[in-house]
Amino acid sequence: MKLTAQEEYGLRCLLQIARQPDRLSTIDEIASREGLTPTYVAKLIRVMRKAGLVTSTRGREGGFQLSHPADKITVATILGVLGGRLYDDTFCDLHTGRKRVCVHDRDCAIRSIWVAIDGLVQNAMSQVNLQDLLCTERQMDTWCRCHLDVPSGGRA
């Protein structure tokens with residue numbers, strides 16, 4: 001599984017907003033802190049605003065804030081908005097080869113593993129919210145080992 005740039009940067013933009021819950025964050029501020037272009041941040045914020053993850057206030061003193069408290073917005077929800085699931089019901093329709101329907105449509109061991117892996121990933125991401133991510137890498141590594149029963153992470 002690979003995360004897309006949109007998923008990574010969108011999550012990072014939301015974390016920037018979550019770090020300052022008592023004030024509005026501007027696109028320029030977020031872009032500067034994340035090393036992204038304001039145009040790209042605006043695109044990401046627009047997607048997340050349409051999905052109801054952030055609200056906007058117009059005007060000179062305007063900006064963006066989370067629509068819900070950080071502890072109520074899960075990583076699963078965010079990545080679902082920004083990129084979708086690892087496996088969904090349309091997956092097989094997109095991989096039929098030269099046929100109209102996949103030759104393995106009625107009996108596919110591969111599908112079983114994708115469904116299982118997607119379930120594990122969704123379960124793990126549903127347990128992590130934005131508030132959990134407002135910490136250091138070391139703290140998050142410990143959190144993951146305690147809450148998700150995974151080996152030590154960190155940098156590869």
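Worth saying up front: this structure is predicted, and the values here are computed from it rather than measured. Residues take their numbers from the sequence shown, with the count starting at 1.
- Taking CG of L11 as the start and CG of L130 as the end, the distance is 6.5 Å to the nearest 0.5 Å.
- With respect to the salt-bridge test (charged N to carboxylate O, under 4.0 angstrom), the residues E61 and R23 do not qualify.
- Taken from NE2 in H68 to OG1 in T74, the straight-line distance is 11.0 Å, to the nearest 0.5 Å.
- Listed for the R19 side chain is no donor-acceptor partner under 3.5 Å among the backbone atoms of L134.
- The CG atom of L44 sits 11.0 Å away from atom CD of E7, with the distance rounded to the nearest 0.5 Å.
- One N or O on the side chain of Q6 and one on the backbone of L82 form a donor-acceptor pair closer than 3.5 Å.
- L120 and L3 are assigned to two separate hydrophobic clusters, defined by single-linkage of ILVMFWY side chains at heavy-atom distances under 4.5 Å.
- Here the CG-CD1 distance, from L66 to I73, works out to 4.5 Å after rounding to the nearest 0.5 Å.
- Put simply, the side chain of S32 never gets that close to the backbone of D28: no donor and acceptor are under 3.5 Å apart.
- The line from CD1 of I78 to CE of M125 is 10.0 Å long, rounded to the nearest 0.5 Å.
- Judged by distance alone, the side chains of Q16 and E29 never bring a donor and an acceptor atom under 3.5 Å apart.
- The NE2 atom of H147 sits 11.0 Å away from atom OG1 of T142, with the distance rounded to the nearest 0.5 Å.
- Between E34 and V41 the shortest side-chain heavy-atom distance does not fall below 4.5 Å.
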Stepwise side chain to side chain contact (heavy atoms under 4.5 Å, CB included) check, M48 with L14: CA-CA 9 Å; M48 293 184 287; L14 279 182; 3.4 Å; yes
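- Note on I27 and L24: separate hydrophobic clusters, where clusters join Ile, Leu, Val, Met, Phe, Trp and Tyr whose side-chain heavy atoms are under 4.5 Å apart, directly or indirectly.
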Is there a side chain to side chain contact (heavy atoms under 4.5 Å, CB included) between V47 and L53 once you walk through the steps? CA-CA 9 Å; V47 169; L53 294 175; over 6 Å; no
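- Partners of I117 by side chain to side chain contact (heavy atoms under 4.5 Å, CB included), not counting sequence neighbours, listed by chain and number: L86, I113, W114, V121.
- A donor and an acceptor atom, one from each side chain of Q139 and T136, are located under 3.5 Å apart.
- Within the structure, side-chain hydrogen bond (donor to acceptor under 3.5 Å, both in side chains) contacts touching residues 38-60 (residues at least two apart or in different chains) do not occur.
- Inter-residue side-chain proximity for Q127 and N123 is flagged as met; some heavy-atom pair is nearer than 4.5 Å.
- Looking at every heavy atom in both residues, W143 comes nearest to D132 through CZ2-OD2, 3.6 Å.
- Listed here is the closest heavy atom pair of C13 and I30: SG-CG2, 3.6 Å.
- Using modelled atom types, one side-chain atom of S67 and one backbone atom of G52 make a donor-acceptor pair closer than 3.5 Å.
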